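Start at 1 and go down the list; that is how both ligands and their atoms are numbered. Model, not experiment: these values are computed from the prediction.
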Amino acid sequence: MADTGQVAGNGDGRGGADAPAGLEGVIVAHTQIGDVRGLEGFYHYRQYDAIELNRRRTLEDVWHLLFRGHLPDRAERASFGREISDHRALPDDLIPFLRALAGTDPFDPLTALRTAVSLVAQRSGFRSWLDITPEQLYDNAMQVAAQTPVLLAALYRLRRGYEPLAPDPDLSATANYLYLLSGERPDHQRVWALERYLISTIDHGFNSSTFTARVIASTGADLGAAIVGAMGALSGPLHGGAPARVLEMLDQIGTPDRAEAWVRDTVASGGRIMGFGHRVYKGKDPRSALLREVATTVGGPTAEFATSVEDTIVAVLAETKPGRALNANVEFYAGVVMDACGIPRDMFTPTFASSRAIGWCTHVLEQVSGNRLIRPAARYDGQPPPQPVPVSD
Ligand SMILES: CC(C)(COP(=O)(O)OP(=O)(O)OC[C@H]1O[C@@H](n2cnc3c(N)ncnc32)[C@H](O)[C@@H]1OP(=O)(O)O)[C@@H](O)C(=O)NCCC(=O)NCCS
């Protein structure tokens, strides 16, 4: 859709303005959850710099900030921790369904996860938020945010022929996730590294999946429907589906000396370099800078290789795509960090979904608090109607 500036028909004869393709820069809602300032390379959760929060606070504290509107004090932290723990366990009667889901061929963990979230919503009797109290909706949100990583870990284990594990109430959300995957208590550095990644991806302005969640919530649908839809939006490689492709790309490049030729060939043939470019950040993506630090701290050959390749890619893109300001985005180091934490590639995007679920749920809660059905218009530019309907053969 071209940005013609003309008045568009909106289906009811009242006219309207054409929005730019991809709704770039169009403000479609007011929010108090957070925002992204692309030119400054800055994003925030509520009133706090998201990177500073990440360095100073736990995942649970940031979750509290989003769900409750403020950072917790000591007592609130303890009671919020219990609340999360109380919502985390999966009902036993869900396991046979997860087992069936894990046994399908082909198997894609993110597709299975969104199906599992749908099962949870069905099993728990989620209903239109128009028919329940705000407290019940909050409880639905807490359940989905707490159970998403648990569902994912259960699917992961069942797929590999292991039984799902019960969450450990003594472990933090991040440590629990690693424990539920491997069955081993994770070491401090892995928990630290993964937690940095998870916090960095909890929310990020009006990205495609968040918008999807809010569109679905705006219809009065139940919270499960909004999260399932958001997971569908996240699955695409232009949104959340990139981190595994980044590691595949690093594999293809092979050695640092081959990076320049590989990038030139890919750009010349019209391909995209995975983990580079962003709709909003036209300078540095602060998440990428943070995760580069984390990757470097965790160390290992992949991290070292990725940092050297990043510099080459930035230089080649600056030359071959001048003026587009193409830098590494969050996905470039996401895969590197998750790989270092022992998370397999096909679990990268689902793991992203497990932290973003907190953000999506917060947006659903906000959307319903001042809801107006989101229902835009499209400019019809097909053959002029009404044409006579041909008689059938
Ligand atoms: C994220 C992304 C979809 C944002 O795209 P966008 O805002 O719609 O930007 P556009 O697609 O309009 O791209 C603008 C220009 O930069 C180029 N470009 C953008 N990202 C590029 C990339 N990763 N590799 C090579 N060129 C890229 C486009 O080819 C286009 O060039 P042109 O003007 O010569 O046609 C895009 O950068 C991309 O596809 N990145 C790779 C996938 C990825 O990392 N996704 C995770 C996002 S967090």
What protein heavy atom sits nearest atom 14 (C) of ligand 1, and how far off is it?
Arg324 CG, 4.2 Å
Using a distance-only test with no angle check, is there a side-chain donor-acceptor pair under 3.5 angstrom linking Asp285 and Ser288?
no
Any side-chain donor-acceptor pair under 3.5 Å between Thr31 and Glu366?
yes
Is Arg279 close enough and on-axis enough to Tyr281, meaning under 6.0 Å and within 45°, for cation-pi?
no
Tyr197 side chain to Thr351 side chain, donor-acceptor N/O pair below 3.5 angstrom
no
Just going by heavy-atom distances, which of His278, Glu24, His239, Arg272 is nearest to atom 3 (C) of ligand 1?
Arg272
Please identify which atoms of ligand 1 are closer than 4.0 Å to at least one heavy atom of Gly277.
1 (C), 37 (O)
Less than 4.0 Å between atom 24 (N) of ligand 1 and some protein heavy atom, yes or no?
yes
If you compare Leu326, Ile273, Val330, Asn207 by their heavy atoms, the one closest to atom 17 (C) of ligand 1 turns out to be Leu326
Counting both backbone and side chain atoms, is some N or O of Gly275 under 3.5 Å from an N or O of ligand 1?
yes
Atom 6 (P) of ligand 1 sits nearest the protein heavy atom Arg279 NE, 3.7 Å
Quick check: His44 with His204 (ring centres under 6.0 Å apart)?
no
Which protein heavy atom lies closest to atom 40 (N) of ligand 1, and at what distance to 0.1 Å?
Phe276 O, 2.9 Å
Would His363 and Asp203 count as having a side-chain donor-acceptor pair, cut-off 3.5 Å?
yes
At less than 4.0 angstrom from any non-hydrogen atom of Glu331, what atoms of ligand 1 do you find?
46 (C), 48 (S)
With the threshold set at under 4.0 angstrom, would you say Pro237 reaches ligand 1 through any of its heavy atoms?
yes
Look only at interatomic distance and state if Arg287 has a nitrogen or oxygen under 3.5 Å from any nitrogen or oxygen of ligand 1.
no
Can you tell whether the side chains of Arg345 and Asp251 come within less than 4.0 Å, N to carboxylate O?
yes
Can you label the angle between the Phe211 ring and the Phe206 ring as parallel, tilted or perpendicular, going by 30° and 60°?
tilted
Considering heavy atoms of the protein only, find what lies nearest to atom 29 (O) of ligand 1 and give residue, atom and distance to 0.1 Å.
Lys321 NZ, 3.3 Å
